[in-house]
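Here is the naming used below: chain letters follow the sequence lines, and residue numbers restart at 1 for every chain. From a predicted model like this one, the values you see are computed outputs, not experimental measurements.
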Amino acid sequence: MVQEIASAVELRLPSKLGFEKVAMQTASGVARLMGFPDDRIEDLKTAVAEACINAIEHGNRFDERLSIGVVLSMEDGKLEVKILDSGSGLHKKMNPPNIDRKMHGEEQARGMGMFLMQALVDEAEWTQTPHGGNCVRLMIRLDKEEE
Amino acid sequence: MVQEIASAVELRLPSKLGFEKVAMQTASGVARLMGFPDDRIEDLKTAVAEACINAIEHGNRFDERLSIGVVLSMEDGKLEVKILDSGSGLHKKMNPPNIDRKMHGEEQARGMGMFLMQALVDEAEWTQTPHGGNCVRLMIRLDKEEE
Amino acid sequence: MTMQPQLNTRAHVDKVTSPDGSAVSVLRFTGDITSTSRDVVFGAYQDVPADTRKVVFDFSKMEYMNSSGIALIIELLMAASKTDRTVQSFGLSPHFQKVFIMVGLNKYTSLHPDEATACAAFAD
Amino acid sequence: MTMQPQLNTRAHVDKVTSPDGSAVSVLRFTGDITSTSRDVVFGAYQDVPADTRKVVFDFSKMEYMNSSGIALIIELLMAASKTDRTVQSFGLSPHFQKVFIMVGLNKYTSLHPDEATACAAFAD
Ligand SMILES: Nc1ncnc2c1ncn2[C@@H]1O[C@H](COP(=O)(O)OP(=O)(O)O)[C@@H](O)[C@H]1O
Ligand SMILES: Nc1ncnc2c1ncn2[C@@H]1O[C@H](COP(=O)(O)OP(=O)(O)O)[C@@H](O)[C@H]1O
């Protein structure tokens, strides 16, 4: 049998806000190479940015000695992106943001990142890495159009 | 003394043509974050692409089990990009391309990558890595305008 | 020395007149809208004259907005609503129009294709 | 299955008339010009009629060119020169104009700002 070699791109970034933009560019380059249409690439870029910001902020708590990892795995017709940090992951269940409650000051204005990730890509999942860090797994499919 | 932490972005790519475009996007993202002007970013992108193509083609000889590395190190006012492959590096000295000789069929049409890298960035250097692979080191400075 | 990403937010207020002759303040965003944009964005918003009730947000030169930036826009809209201001928006890319609708922001600011349509949309 | 990057090169020939009334073939490149573009690029070049001596290269829709792509352009220019064709070029970004001048390609095809200027540049 032929040994199949998965095509993966790996990126390592400092735990500093702003570097999520580098991840956006890298993800956009990979998605473009795979032939994703522009609107899906925009969806992916925003989802990847939000995951990186959370990894920098909540996962690595801006600790500049730690880096965040972004692993982009290309398979037939789908692109999986894992965003890895060294934190201990989610501790509570998140409610979807409620704009009316936000506008009336009944919940904080922030807290939309995870919601956006889930809304923008085909799959979004929060897990732990074997080494005890947090891993967000995002997936977009070539055939599926976001409605 | 304060321990200084260098800001570095690391990228790992499959040895397949086309992936140099991902490196271009990543490098452009980092250079943009550092405030480089658009024309310098274009110069860097082309130089990085040529170095990646050589790493894929001449260094790793399209061996898909091998990947190429791109390390972007940000320092005050300058960006260094190292492009790493697992090959044994350069074996002969290269002459700059001569367009008249090319047009008259006296030298092959190709063979402009290294020339372009040297012409487009402030420093370009070919060395070996400690692990025996090839390393191309490119550098652009924020203060210096390409003439 | 370690590299600090550039702050890439600009914002300013232009005073224009709506088709019905009333004063409109257009808050124009340029570059990024993120958590680091707070001072620039709220600073610019101060330039809306106290008696102006019609405000337009111009996103046509915005390059990047993340969820903290969206939170900032929510805070601006809260401030506007406290002083009885109505806010119309224009210039969002199709992607960010979708994002605004996903989080429900279009309930609190209508999204228009251009400045003229935005300025004409205020009810008297 | 491993991912194969998409082939992203298109090229076609438009037949136009120069200001002096003679036939000009415009070879328009779209997308990438790289080592994998050879068949597409030379295939399109075959559509230049045998008796046409005036050829224009339109790079305005080109997105990416690497040094193998520049080598392809050199080969096209060699083929053109063998049949006494003159090639004018337009539509290169400032960056690729610089690259063309660095490698000396502007000795063999003049670089123009637009199609009209390129078409008007042929000597009779
Ligand atoms: N990578 C992560 N590591 C640890 N906690 C996280 C991570 N990502 C998200 N969280 C938790 O989930 C919450 C909601 O995240 P999000 O929806 O992105 O909104 P925000 O970051 O604005 O609070 C965060 O406040 C944080 O408590
Ligand atoms: N990373 C590398 N590893 C081994 N050899 C290399 C590498 N980069 C360049 N070379 C050698 O230098 C030559 C010139 O490279 P270049 O100027 O980029 O032109 P081209 O790749 O078109 O031949 C190559 O043909 C190859 O022999």
Side-chain angles (χ1 to χ4, degrees), chain B residues 13-25 28 37-54 56-58 62-65 67 94 96-121 145-147, chain D residues 1-9 31-42 45 59 62-87 89 92-111:
Chain B
L13 298 168
S15 298
K16 219 180 278 185
L17 287 181
F19 281 93
E20 77 276 9
K21 290 196 214 176
V22 176
M24 291 170 83
Q25 291 266 84
S28 137
D38 287 346
D39 62 330
R40 292 299 283 155
I41 294 178
E42 289 304 311
D43 293 344
L44 180 71
K45 282 168 71 180
T46 294
V48 166
E50 294 299 325
C52 287
I53 292 168
N54 283 353
I56 292 167
E57 187 174 335
H58 306 302
F62 305 110
D63 184 340
E64 297 195 9
R65 290 165 305 184
S67 56
M94 284 293 131
N98 180 315
I99 190 69
D100 300 322
R101 287 177 50 82
K102 285 187 194 299
M103 283 296 295
H104 294 101
E106 293 157 14
E107 73 178 43
Q108 59 168 359
R110 291 194 46 173
M112 288 168 292
M114 292 173 59
F115 166 77
L116 280 178
M117 286 180 241
Q118 278 166 320
L120 289 169
V121 298
E145 283 292 297
E146 188 78 8
E147 62 274 42
Chain D
M1 199 202 275
T2 59
M3 206 282 298
Q4 290 306 328
Q6 308 263 315
L7 178 64
N8 188 24
T9 305
D32 299 350
I33 308 185
T34 69
S35 54
T36 57
S37 313
R38 169 173 296 277
D39 293 350
V40 170
V41 163
F42 276 93
Y45 182 71
F59 291 101
M62 182 189 77
E63 288 162 16
Y64 167 59
M65 175 160 55
N66 60 27
S67 66
S68 303
I70 298 172
L72 260 188
I73 300 297
I74 292 176
E75 290 180 53
L76 277 180
L77 290 172
M78 287 170 74
S81 116
K82 286 215 181 77
T83 51
D84 277 330
R85 286 172 174 161
T86 306
V87 180
S89 294
L92 284 169
S93 69
H95 174 68
F96 279 111
Q97 287 182 38
K98 182 169 76 174
V99 167
F100 268 47
I101 292 168
M102 276 174 174
V103 299
L105 260 177
N106 57 319
K107 269 182 76 170
Y108 294 94
T109 180
S110 298
L111 313 183

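Using a 4.0 Å cut-off between a side-chain N of Lys or Arg and a carboxylate O of Asp or Glu, B:Arg110 and B:Glu57 qualify as a salt bridge. Ion pairing between a basic and an acidic side chain is recognised when a charged N comes within 4.0 Å of a carboxylate O; B:Asp39 and D:Lys98 show no such pairing.
Interface residue B:Glu20: only side-chain heavy atoms are found under 4.5 Å from chain D. Contacts between B:Glu50 and chain D at a heavy-atom distance below 4.5 Å involve the side chain alone, from C-beta outward. For B:Asn98, no part lies near chain D; criterion is any non-hydrogen pair under 4.5 Å. Heavy atoms of D:Thr34 lying under 4.5 Å from chain B are absent altogether.
Between atom OH of residue D:Tyr108 and atom CG of residue D:Leu77 there is a gap of 10.0 Å, rounded to the nearest 0.5 Å.
No hydrogens or angles considered: nothing links the side chains of D:Ser68 and D:Ser35 as a donor-acceptor pair under 3.5 Å.
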